[in-house]
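Numbers restart at 1 for each chain; the letters A, B, ... are given by sequence-line order, proteins then strands. Bear in mind the structure is a predicted one, so any value in this text is a computation, not a measurement.
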Protein chains: 2
Amino acid sequence: MPRYAHVPGPTIRRLSLYLRQLESLRADGHATISSQQLGKALRVTDAQVRKDLAYFGQFGRPGLGYRVDELIEQARLILGTNRVWATALVGAGNLGRALAAYRGFAGRGFRIAAVFDTNLSFVGRPLPQSAGLVVRPMSELSSVIAGEQIRIGIVAVPAAEAQVTAERLLSAGVLGLLNFAPVALDTPPGVPVVSVDLAVHFEQLAFQVAELSS
Amino acid sequence: MPRYAHVPGPTIRRLSLYLRQLESLRADGHATISSQQLGKALRVTDAQVRKDLAYFGQFGRPGLGYRVDELIEQARLILGTNRVWATALVGAGNLGRALAAYRGFAGRGFRIAAVFDTNLSFVGRPLPQSAGLVVRPMSELSSVIAGEQIRIGIVAVPAAEAQVTAERLLSAGVLGLLNFAPVALDTPPGVPVVSVDLAVHFEQLAFQVAELSS
DNA sequence: TAGTGTGAATGGATTCACAGCC
DNA sequence: GGCTGTGAATCCATTCACACTA
C-alpha cells in the first residue's frame with residue numbers, strides 16, 4: 001500500500017536535503033522561495049527541484065515560488081517525520097554513545113527511546129548527555145519494543161554481531177533498521193534497511209581525491 | 001586528469017561494497033568467487049557486478065570467476081586506498097571522539113593524524129582509545145596539515161561552524177572533505193565533498209517504513 | 001515579470017542475451 | 001558446464017522548453 005509509488009529513489013533522497021535547506025532558510029527569515037534558490041546550495045537545477053516536488057503534489061505558486069512553512073510541513077508529511085518515531089539503539093560503544101548524545105534528532109522526528117547492549121558491564125550505566133537513558137540488557141529488548149511501540153531499530157554493534165542483532169530487533173517487532181555496522185544484513189524481502197558505513201564514505205572521497213591528482 | 005572517466009557514480013559506490021564483501025569472503029576462506037555470489041548479499045544482479053568491474057579492466061576468468069585476492073587488490077587500487085590517507089579531524093565532540101576511537105579505518109586505508117577543536121577546554125586532552133591523539137588548537141591546523149601532508153579533512157563540528165571549518169581546512173591545503181555537519185557546504189567547484197547527515201538517513205528509513213503500513 | 005507544472009527529448013544506468021573462453 | 005565480457009535493448013532519471021498563472 002505505498003502512498004507514493006513510482007517516485008524515483010533519488011527524489012526521496014533529495015527531499016530530505018530540501019527539508020534541511022528549507023529549515024535553514026526559514027531561520028534566515030525567508031517566507032517564500034523559488035525552485036532555483038532552493039536548489040542552488042545543493043547544486044540541483046531548478047527543473048529538478050520542481051520535478052521532484054511535483055511527484056507529491058502542487059505546492060508552488062507561479063510567479064511567487066513556494067511558501068517555506070507550507071513546504072516544510074509537506075516534506076515532513078511525505079517523509080513521515082511529522083510525527084515522532086521511537087527508536088531502539090543496540091550497542092553502547094563509542095558510536096552508540098555518540099548517537100545517544102546527538103542533539104538534533106529530536107527536532108527532526110526521532111527519539112532514542114531505549115539503549116541496549118550485550119556487554120553486562122555497560123548495562124545499568126547512564127548515558128551522558130542523553131536525557132537519562134540507561135543501558136539495558138538484551139533480555140529486555142522484546143518487552144521494551146512492544147511496550148513503547150518502537151518501529152525502528154538502530155544497529156550500532158561490531159560487524160560480527162550485526163546480523164544476530166538485526167534478527168533480534170526484527171523478531172521483537174521493529175519494522176525497519178538503520179545499520180551502522182560494516183556488513184550487509186541479510187533480512188527478509190521488503191524489510192527497509194538503511195546502511196551507513198563510514199569506511200564506504202571515506203572510500204568514495206578517496207576515489208574522488210585520487211582522481212584530481214592523477 | 002581522471003584515471004577513470006565515464007564510470008557511473010553508482011558503480012563507484014558499489015565498488016566499495018564489493019570490496020567490503022570480498023574481505024569478508026576472504027576471511028571465510030574463499031579463494032575465488034563468481035559475480036553471482038559476490039552480488040547476492042548486496043542484492044545486486046550478476047550482470048551488474050560484471051558490468052561494474054568491467055569498467056576498470058578484465059579481472060575475471062570465464063568458467064572460474066574472480067580471484068578474491070586479486071580483486072581486493074584491484075578494488076583498493078581503483079578506490080585509491082592501497083595507500084594510507086592521513087586525515088585531519090576538526091571537532092572533538094561526541095561524534096568526533098567516536099570517529100577518533102573507531103577501529104577499522106586503519107585496515108581500510110585511513111588514519112586520523114590529528115584532531116582539532118576551537119574549544120580551548122578540549123585542547124590538550126588525550127582522546128580515549130585513539131592511539132595517543134591529543135586535541136590541538138585550531139591555530140596549529142595549517143602547520144600540521146602541511147607538515148603531515150594531510151589531504152583529507154573531516155568536519156565534525158556543529159552546523160553553525162561547518163562552513164568556516166571547511167574553509168580553513170581547504171585553505172590549509174586539504175584536497176577533499178568528509179562532512180558530518182547537517183548543512184550543505186559551499187565549496188569551490190571541483191572540490192570533492194562527501195556528506196554524511198545522520199538525520200537524512202533516518203528520514204530515508206522513516207519514509208520506507210511509512211510506506212509499508214499505509 | 002517571475003516562476004510553476006509538465007509533456008517531450010535527451011542522457012544514463014541496468015538488464016538482457018549471447019559469443020567466447022576455461 | 002560454468003562463467004566472463006560486452007553490445008543491444010530496455011528502463012529510469014534529468015533536462016529542456018514552453019504553456020500557463022499569480
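- Residue-to-nucleotide proximity on DNA chain D shows that, of A:Pro8 and A:Leu64, the 5′-proximal contact is made by A:Pro8.
- Following rounding to the nearest Å, B:Gln58 (CD) and C:dC22 (P) show an atom-to-atom distance of 11 Å.
- Between the CG atom of A:Leu38 and the P atom of C:dG3 there is a distance of 13 Å, given to the nearest Å.
- Considering only the side chain of A:Lys51, C:dG7 comes nearest among C:dT14, D:dC3, C:dG7.
- Taking the six-membered ring where tryptophan is involved, the planes of B:Phe110 and A:Phe202 are tilted, since the angle between them lies from 30° to 60°.
- A straight line from CZ of B:Arg61 to P of D:dT4 spans 12 Å, rounded to a whole angstrom.
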Query raised in the report: Can you check salt bridge (charged side-chain N to carboxylate O under 4.0 Å, His left out) on A:Arg111 and A:Glu148, steps first, answer last?
Result: CA-CA 11 Å; A:Arg111 183 173 75 87; A:Glu148 303 230 19; 3.6 Å; yes
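- You'll find that the side chain of A:Arg14 is closest to D:dT14, out of D:dT4, D:dT14, D:dG7.
- Remark: A:Glu73 does not engage A:Arg67 in a salt bridge, criterion side-chain N to carboxylate O under 4.0 Å.
- Listed nucleotides: D:dA8, C:dC18, C:dG5. Nearest to the side chain of A:Arg50: C:dG5.
- Between the P atom of C:dT6 and the CG atom of A:Asp52 lies a distance of 14 Å, rounded to the nearest Å.
- For A:Ser35, no side-chain nitrogen or oxygen approaches OP1 or OP2 of C:dG3 to under 4.0 Å.
- Relative to the side chain of A:Gln48, the nucleotides D:dC3, D:dT15, C:dT14 differ in distance, and D:dT15 lies closest.
- For the pair B:Tyr66 OH and D:dG2 P, the interatomic distance rounds to 18 Å; values are reported in whole Å.
- Listed candidates were C:dG3, D:dG2, C:dA13. Nearest to the side chain of A:Pro62 is C:dG3.
- Each of A:Gly63 and A:Val7 was matched to the nucleotide of DNA chain D holding its nearest heavy atom; the match closer to the 5' end belongs to A:Val7.
- A donor-acceptor pair shorter than 3.5 Å can be found between the side chains of A:Asp52 and A:Tyr18.
- Regarding contacts with the backbone of C:dT15, a side-chain N or O of B:Thr45 is found under 4.0 angstrom from either OP1 or OP2.
- In this structure, the separation between CD on A:Gln74 and CZ on A:Arg76 is 12.0 Å, given to the nearest 0.5 Å.
- Heavy atoms of A:Gly9 sit under 4.0 angstrom from primed sugar atoms or phosphate atoms, though from no base atom.
- Summarising the geometry, the separation between CD on B:Gln37 and P on D:dT4 is reported as 9 Å, rounded to the nearest angstrom.
- One can place CD of A:Gln36 at 13 Å from P of D:dC16, the figure rounded to the nearest angstrom.
- A:Gln74 places its CD atom 16 Å from the P atom of C:dT4, with the value rounded to the nearest Å.
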